[in-house]
Structure formats: C-alpha cells, structure tokens
Amino acid sequence: MWYELSEVISLGHGDTMTSEGTAGKHTYAGLFMVALATLMYEIHLTRIFSITMWYHFAFMAISITMFGMTVGALAVYLLPKYFSQERAKIQMAQSAMLFGISIVLSFVAHVIIPFDPSLTFSGILSVAVTYAIISVPFVFGGICTCLALTKFPGQVSKLYASDLAGAAAGCLMFIVLLNLVDGLTAVVVIGLLAAIGALLFTKEPEFTGSKRAIAATCLCLGGLAVVNWALAGIGKPLFQFSRVKVGAEPPAIYEKWNSFSRLRVFGNPFQLHRPWTWGISPTYPTDKIVSQMIMSIDAAAFTPIEFYRGKPEEVEHLRYDVTNVVHYLRPQSRVLVIGVGGGRDIVSSLIFKQESVTGVEINQTILEIINRTFAKYTGRLDKEPAVTFVNDEAVSYVARIKDKFDIIQISLIDTSAATAAGAFALTENSLYTAEAWKIFLDHLSPRGVLTVSRWYYRQRPGEMYRLTALAVEALKRCG
C-alpha cells in the first residue's frame with residue numbers, strides 16, 4: 001500500500017521539480033538498511049505482542065506498520081515546501097536516525113503502559129494508546145522511504161529494488177538475530193540498524209547536515225545493545241517486561257528467545273510439592289510430592305519439566321494422569337508423541353515400558369532446553385535407547401514417513417502464541433483439522449490408538465465437542 005502511495009506521490013510531484021537529484025551508492029545502502037530495520041521490527045512486534053498482549057492482537061503489527069508508514073508518506077505529500085528536493089538527503093538521514101531512536105523509546109513506553117484488552121473505556125483507550133505509540137517509529141521510516149522513492153525519479157526503479165532487497169534481508173536476519181540475543185536486546189539492535197542507515201546517508205558528497213549527532217546515536221545504541229545483552233546473560237537486563245498478558249511473571253532461572261517464541265523456565269528444582277498435571281486421579285496419594293519445573297511459552301502456555309533419573313518412582317504421578325490412560329490400553333507399543341514440551345509424554349512412555357517413543361517438536365529451542373540445558377534434571381532423555389527426537393512440524397513429518405505406530409499421542413498441544421506472520425494469528429491450529437487426523441489415523445497399526453487430550457470446562461465444553469466432531473469426520477474419511 002505505502003509503496004503504491006509513494007509511486008503516486010512521485011507522479012504527482014514530477015512536474016513541479018526544478019531539478020532532478022541524484023542518489024549515490026550510499027543512498028541505496030541507507031535505504032536498504034531502513035527497509036531491513038522496518039521489516040525486522042514489524043516481525044518482532046508479533047513476538048512482543050504475543051507476550052504483552054494476547055496472541056490475537058499480534059495482527060496489529062501489520063496494521064501499525066502500514067498506518068505509520070502511510071502517515072509518513074502523506075506528510076511528505078502534504079508538506080512539499082518542507083520536504084524539498086534540496087533538503088531530501090538531510091531529511092532522509094534525520095528521519096532514519098529518529099526511526100532508530102523512536103524504536104527503542106516507543107518500545108519502552110509500551111512496556112511501561114499497562115495493557116487492558118477488556119471492552120471498557122480504559123481497555124479501548126489502552127489499545128488506542130498502544131497503537132499510537134508503536135506506530136511512531138514507522139512514521140519516520142515512512143518519511144525516509146517516501147523521500148527516497150520520490151525525490152530521485154530517475155533512479156526510482158533501482159531504489160525500489162534496494163528497498164525490496166532490504167526488506168527481504170530483514171526477514172532472514174530476524175531469525176538469526178533472535179538466535180543470538182534476547183528479544184529486548186533485539187529491539188535496540190534493530191534501532192541501531194536504522195541508525196546505521198542514517199549514517200550511510202551522511203556519506204553522500206552533497207550531505208551538509210551534522211554527521212556527529214548521527215554517529216553519536218549509533219554509538220549510544222550500539223553500547224546500549226551490548227550492555228543489555230551482557231546483563232541479560234546474568235539475568236539482570238536493563239529492559240524487561242514489568243507485566244505480561246497474564247500479569248506479573250515469576251522470576252526465571254532460564255530464558256531463551258527464537259523467531260517464534262520466548263521460552264522461560266522457572267521453579268525451584270530443590271523444592272518438593274504436589275505434582276502439576278493435566279488431570280490427576282483422585283486416588284493419587286495426597287502425601288506424594290515431587291520435584292518439577294515449569295516451562296512457559298510466550299507467557300501463557302505452560303508445560304512441566306519432570307525430574308527424572310531413570311527411576312519410575314520419581315515420576316509415579318504420571319501413572320495417575322488422565323492423558324496417559326492409553327498406555328494402560330496399549331502396552332508394549334511404538335509411540336509417537338506430537339509436541340514434546342517439557343518431556344512429560346516421553347517420560348510417560350518410558351515408565352510404562354513401551355517399546356519405543358518418537359517425539360516430534362517444532363521448536364528447536366525446547367529440545368535444547370530438555371536435552372542440553374537441563375539434561376541432568378530431565379535424565380538425558382535423548383540418550384535413552386528407546387527415545388528418538390525429531391525437530392519438525394508434526395503433520396508434514398507424519399505425512400512423509402511410512403512408519404506405523406501403536407499410539408499417537410497429542411496432549412494439550414497449543415501455545416496461545418502468535419504466529420510469526422501476524423496476518424495468520426487467528427487461523428486454526430493445523431493439528432486440529434480433519435485432514436491432519438486422517439493422516440494420523442492412516443499411520444496407526446491395526447491395534448493403534450490416536451489419543452488427543454484437550455481442556456474440558458463445564459461452562460465451556462466446546463473443545464471436547466470439537467474433538468468429537470473431528471474424530472467422526474476423520475473416521476468417515478477413512479471409510
């Protein structure tokens with residue numbers, strides 16, 4: 001949309017320009033960096049919103065980006081005397097610098113301002129304020145991009161190519177960035193990348209503005225990113241969430257971000273307590289206590305990490321969990337676990353002495369947490385002869401293989417987290433579709449069982465109704 005708007009502005013102003021400016025190689029490089037930072041921050045907002053707000057608000061990241069950049073482009077169109085040909089290169093550098101600074105400042109403001117999703121006046125106001133604050137950086141980004149695409153009409157095709165290349169590179173670099181630093185440091189790094197774009201604009205021979213202020217901004221943002229990254233490594237970052245969508249969070253003993261989740265591990269591994277389960281039998285001994293830690297995904301989805309050293313009595317509570325009824329029905333089975341989480345379903349298969357268990361997990365960081373970071377606590381599950389871990393998307397993985405299983409287990413697999421593409425935040429989970437269940441049923445042995453567990457609330461029994469409907473439809477498709 002804003003690209004089309006820029007092209008319209010270019011056509012509308014073409015007859016009023018007295019001279020045609022020339023964009024040098026540093027202008028191309030600067031525009032590349034601004035586009036790169038824009039796409040990186042837009043994608044990162046889906047991660048931020050998935051933690052600070054409920055996942056269905058993450059689609060706002062796209063809306064906010066489009067709104068802010070359009071406002072910036074309109075400012076260039078409506079104020080032609082201010083945004084003149086002669087000042088274009090200075091203003092591109094200034095707007096890129098403000099883009100980088102405002103990314104950090106608007107994010108800090110978003111973290112401080114409480115978010116209320118309720119349909120009340122205060123709730124609607126908090127959404128509006130959040131929308132306005134987060135859109136500010138994109139206004140400056142829109143000004144910079146629009147100036148580049150309208151003030152150099154003779155080179156607009158090459159500039160547009162540079163802009164698109166930067167946007168594409170930003171999508172790829174975001175994945176790399178969140179594998180290297182935490183999510184809050186990533187905000188500062190993205191601001192730094194935008195400021196580097198401003199610094200590149202100053203390298204043009206015709207640039208007459210102050211270079212020192214822009215260089216100082218780059219140094220400050222770079223230093224801030226390094227300091228916050230170092231402090232985050234010891235659990236004391238400068239920037240942290242005061243509140244998330246579920247309220248205040250307990251202190252974490254480990255935190256790791258990647259391009260589609262933030263994972264936190266909390267709890268005292270030396271403290272014994274009643275086991276945290278999905279649904280425990282009333283016959284479970286009340287005096288039986290265990291050691292567990294909890295892993296959270298984007299602040300709202302939780303999975304227990306079981307303390308296991310190869311002794312079934314350490315995890316006896318898993319025999320009383322309703323999600324494990326299938327192990328009583330099908331002993332000596334080949335098991336496929338979809339969604340490894342904290343490893344409880346893998347451990348369940350081991351204590352029931354099943355022949356083998358394959359765990360499929362889409363999130364590589366989860367596998368690293370249970371098999372590397374907390375391997376001593378979890379019992380080094382990946383070293384068990386009967387256990388195989390697969391890092392893949394479950395439906396596509398099962399569809400590709402020819403193996404048959406006696407048990408396929410899906411126990412409360414969801415994250416209440418936004419997808420990396422905010423546009424699809426409201427789409428259904430592919431695990432809970434008739435097409436997926438047909439694939440799972442086709443990969444069962446003659447004695448096989450597909451076991452799927454979901455929440456049941458008397459006031460909201462819809463999830464169980466949906467499972468029943470899916471089962472009926474999938475069985476019909478199987479004949």
Side-chain angles (χ1 to χ4, degrees), residues 277-281 283-284 303 306 308 310 312 315-362 379 381-414 429-456 463-479:
T277 65
W278 301 133
I280 198 164
S281 167
T283 63
Y284 182 75
T303 175
E306 306 290 348
Y308 179 67
V315 286
E316 190 68 18
H317 58 280
L318 295 178
R319 297 183 182 274
Y320 293 79
D321 195 305
V322 66
T323 62
N324 287 329
V325 168
V326 68
H327 293 294
Y328 289 100
L329 301 176
R330 293 293 184 270
Q332 299 180 339
S333 293
R334 297 185 63 204
V335 182
L336 176 68
V337 171
I338 293 177
V340 170
R344 65 183 306 279
D345 292 336
I346 302 295
V347 175
S348 296
S349 295
L350 291 176
I351 67 170
F352 278 95
K353 302 186 185 304
Q354 301 290 20
E355 288 183 6
S356 66
V357 54
T358 300
V360 184
E361 174 59 57
I362 192 173
L381 295 175
D382 59 332
K383 303 299 182 183
E384 291 281 347
V387 176
T388 302
F389 287 101
V390 177
N391 178 215
D392 205 337
E393 195 280 320
V395 178
S396 60
Y397 170 76
V398 176
R400 294 196 310 268
I401 63 176
K402 297 180 179 180
D403 299 16
K404 301 285 186 177
F405 300 92
D406 304 307
I407 296 173
I408 297 180
Q409 185 172 17
I410 307 173
S411 299
L412 293 140
I413 303 303
D414 59 8
N429 189 321
S430 61
L431 290 177
Y432 305 109
T433 61
E435 291 77 12
W437 284 33
K438 171 67 165 55
I439 292 173
F440 298 148
L441 291 173
D442 288 342
H443 284 77
L444 289 175
S445 67
R447 64 189 288 265
V449 174
L450 170 62
T451 169
V452 185
S453 305
R454 293 297 308 161
W455 298 113
Y456 173 76
E463 289 198 36
M464 300 310 296
Y465 292 162
R466 181 183 181 187
L467 290 191
T468 305
L470 280 173
V472 170
E473 177 61 23
L475 289 170
K476 284 182 178 178
R477 295 187 183 189
C478 290

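Numbers here are sequence positions counted from 1.
Judged as a ring-ring contact (aromatic ring centres under 6.0 Å, His included), the pairs with a partner in residues 328-350 (not counting sequence neighbours) are, in order, Tyr328-Phe352. Listed by first and then second residue, the salt bridge (Lys or Arg N to Asp or Glu O under 4.0 Å) pairs involving residues 343-360 are Asp321-Arg344 (not counting sequence neighbours). The stretch residues 433-454 participates, sequence neighbours left out, in no ring-ring contact (aromatic ring centres under 6.0 Å, His included) pair at all. The salt bridge (Lys or Arg N to Asp or Glu O under 4.0 Å) pairs that include a residue from residues 388-399 are Asp392-Arg400, where partners are two or more places apart or lie in different chains. Among pairs with a residue in residues 330-341, those fulfilling salt bridge (Lys or Arg N to Asp or Glu O under 4.0 Å) read Arg334-Asp403, at least two apart in sequence or across chains.
When the side-chain hydrogen bond (donor to acceptor under 3.5 Å, both in side chains) test is applied to Ser349, no partner is found at least two apart in sequence or on another chain. Under the rule for a side-chain contact (heavy atoms from CB on, under 4.5 Å), the partners of Pro312 that lie at least two apart in sequence or sit in another chain are Arg319, Ile351. Remark: Ser356 engages no residue in a side-chain hydrogen bond (donor to acceptor under 3.5 Å, both in side chains) (not counting sequence neighbours). Remark: Tyr284 pairs with Tyr320 by the ring-ring contact (aromatic ring centres under 6.0 Å, His included) rule, at least two apart or across chains. Residues that satisfy the salt bridge (charged side-chain N to carboxylate O under 4.0 Å, His left out) test with Arg454, not counting sequence neighbours, are Asp414, Glu463. Residues passing the side-chain contact (heavy atoms from CB on, under 4.5 Å) test with Thr303, sequence neighbours excluded: Met295.
Of all heavy-atom pairs between Leu412 and Thr323, the closest is CD1-CG2, 4.4 Å.
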Less than 3.5 Å apart, which donor and acceptor atoms pair up between the side chains of residues 470-479 and the rest of the protein, not counting sequence neighbours?
from, atom 1, to, atom 2, distance (Å)
Glu473, OE2, Arg477, NE, 2.9
Arg477, NH1, Glu435, OE2, 3.3

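The distance from atom CG of Leu336 to atom OG1 of Thr388, rounded to the nearest 0.5 Å, is 10.5 Å.
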